[in-house]
Amino acid sequence: MSARAIALVDGNNFYVSCERAFNPNLEGCPVVVLSSNDGCVVARSAEARALGIGMGEPFFKVRPLIKSHGLRWLSSNFSLYHDMSARMMALLGEFSPSQEIYSVDECFLDFTALPVDVLAHAQKLRARVQCYLGLPTCVGLAPSKTLAKLANHMAKRDSQWSGVCDWNELPSTAQQRVMASLPVKEIWGVGGRISESLQALGIKTVWQLRNADPALIRARFSVVLARTVAELNGVSCLDLGSVPNQREQIICSRSFGQPVVALNDLKDTIINHINHAAERMRSEGLHCQSVGVFLHTYRFNLHKLQYAPSIQATLPQPTDDSRLLIAAALRALEAIYKTGYEYQKSGIQLSGLQPQHVIQVDLFSNGDRLRSERLMSAVDGINQRYGQPMVALGAAGMAHRKHFWQVRNDNRSPRYTTHWDDLAEAY
DNA sequence: TCTGGGGTCCTAGGACCC
DNA sequence: TCTGGGGTCCTAGGACCC
């Protein structure tokens, strides 16, 4: 059996590139995109990176660079990024029968059985995405997913590759040199904790990890890391999940614009989260078996008491009815809420997701179920038609009602591709 | 003053059963 | 007084990812 040829395609500074596609004035200057509440940096242009701005850095620390170095900043515009992502993934899907969409800006493509020159094929897809969408990408090619990630990393870091790095084309001495120069933490699947433990064992570079004893790794760590070691040796252990797995949970959480103290305000935020999450769940034809609620105080404030409770409530039967979910979530909230804390974040989690058709029908509640389905689809229909929540359950979270705890995103660009009003604003 | 949000997978340990 | 062992299922928590 011949080795596999796996491509990892990744958008360069994806959020920044989406902004630049619609606002060419952002070309050539340092640009960052911020998380919600304009809290921290989640995307940086190459120029911003060159200024030493780190990923995840709090915005207040880099703010001085606006004046000193002409740093441009934007609140995140997720409608835009997700729409651009969907377009990019659709384009990329045409280049292989097998595609795994891994994140908003990355996908794996299997080139193994294609009668093409893989390097040329990769360059062709880059050109297509650049031409159709104005988005720059890089491609890593290798016999395993982990090595494809590594090759992609190289393609991004060094312009000698012209955007495509094929691991197989490297002489083995060069492969060794690359691996020996990279700290183990750079590898996909090795985070801060594992990297620390590895260092303690004297495994500091990717090359050392590649040559580590698989049995030792399996025993001291887990099957996951053992697979990583095999993958570094060119043995493919991770298949392409080209059929998306059934989603397991839906989470919705937000940090507040200002601290929240009162139970009633927290209830409003929870109702908001449930309305959002339940709509998404219904749009995917799913029901959930349980609802979780969690709270967080402001974790960076060391002078105040910290409290971060969470609770999981199992429903009598799976449902997608927002009213039932809200009732359960509010009971759960009341169970964990304590006075005397300044809360900074709340969230909910819908889990035990299953498709509608596998749910056992309870004969006695069939009438209720039909009424509930009609009501929920009416609510979703109205909201989809107007593009924003016109109808919400529980009297909270209405678009026209501004809450003090709502997120701040003052510097968001127009939602060029998903909102008619913003289209007008753009031209 | 100001530090995100949404996921997956694996494992350990408890509950329960025979 | 003396109180098994093993399988399965579920959940919480930890680690990772972007």
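Within every chain, numbering begins at 1; the chains are lettered A, B, ... in the order of the sequence lines, protein sequences first and strands thereafter.
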Inset, instruction - Select base, sugar-phosphate, or nothing to describe what Gln258(A) touches, counting heavy atoms under 4.0 Å on all strands. - result: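 If one applies the 4.0 Å heavy-atom cut-off, Gln258(A) turns out to touch nothing in the nucleic acid.
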Inset, instruction - Would you mind classifying the nucleic acid contact of Asp105(A) as base, sugar-phosphate or nothing, using non-hydrogen atoms under 4.0 angstrom? - result: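 Result for Asp105(A) = sugar-phosphate.
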Inset, instruction - Kindly state which residues belonging to residues 182-208 of chain A come within less than 4.0 angstrom of DNA chain B, counting heavy atoms of the residue only, listed by number. - result: none
Legend entry - Residues in contact with DNA chain B, drawn from residues 55-78 of chain A - heavy-atom cutoff 4.0 Å: Pro58(A), Phe60(A)
Counting N and O atoms only, with roles assigned by atom type, does the side chain of [X] sit under 3.5 Å from a partner on the main chain of [Y], one being a donor and the other an acceptor?
{"X": "Gln175(A)", "Y": "Trp167(A)", "value": "yes"}
{"X": "Asp158(A)", "Y": "Gln160(A)", "value": "yes"}
{"X": "Gln344(A)", "Y": "Phe300(A)", "value": "no"}
{"X": "Asn152(A)", "Y": "Cys138(A)", "value": "yes"}

Inset, instruction - With pairs defined as Watson-Crick or G-U wobble and both distances under 3.5 angstrom, please note down DNA chain C as a dot-bracket string, | for pairing with another strand. - result: ....||||||||||||||
Every protein N/O within reach of nucleotides 10-12 of chain B N/O, cut-off under 3.5 Å:
residue : atom : partner   : partner atom : Å
dC10(B) : OP1  : Arg227(A) : NH2          : 2.7

Inset, instruction - State whether Lys345(A) places a side-chain N or O below 4.0 Å from either non-bridging phosphate oxygen (OP1 or OP2) of dG5(B). - result: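 Yes, because at least one side-chain N or O of Lys345(A) sits under 4.0 Å from OP1 or OP2 of dG5(B).
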Inset, instruction - Return yes if a side-chain donor-acceptor contact under 3.5 Å exists between Asn37(A) and Ser255(A), otherwise no. - result: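 Asn37(A) vs Ser255(A): no donor-acceptor pair found between side chains.
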Hey, what are the protein-to-nucleotides 6-8 of chain B N/O distances that come in under 3.5 Å?
residue : atom : partner   : partner atom : Å
dG6(B)  : OP1  : Arg254(A) : NH1          : 3.2
dG6(B)  : OP2  : Ser253(A) : N            : 2.5
dG6(B)  : OP2  : Ser253(A) : O            : 3.1
dG6(B)  : OP2  : Ser253(A) : OG           : 3.0
dG7(B)  : OP1  : Arg247(A) : NH1          : 2.9
dG7(B)  : OP1  : Arg280(A) : NH1          : 2.5
dG7(B)  : OP2  : Ile251(A) : N            : 2.7
dG7(B)  : O5'  : Arg247(A) : NH1          : 3.3
dT8(B)  : OP1  : Glu248(A) : N            : 3.3

Legend entry - Carboxylate-amine/guanidinium contact Asp239(A) Arg4(A), below 4.0 Å: yes
Legend entry - Where at least one partner belongs to residues 246-266 of chain A, residue pairs that pass salt bridge (charged side-chain N to carboxylate O under 4.0 Å, His left out), sequence neighbours excluded: Arg247(A)-Glu284(A)
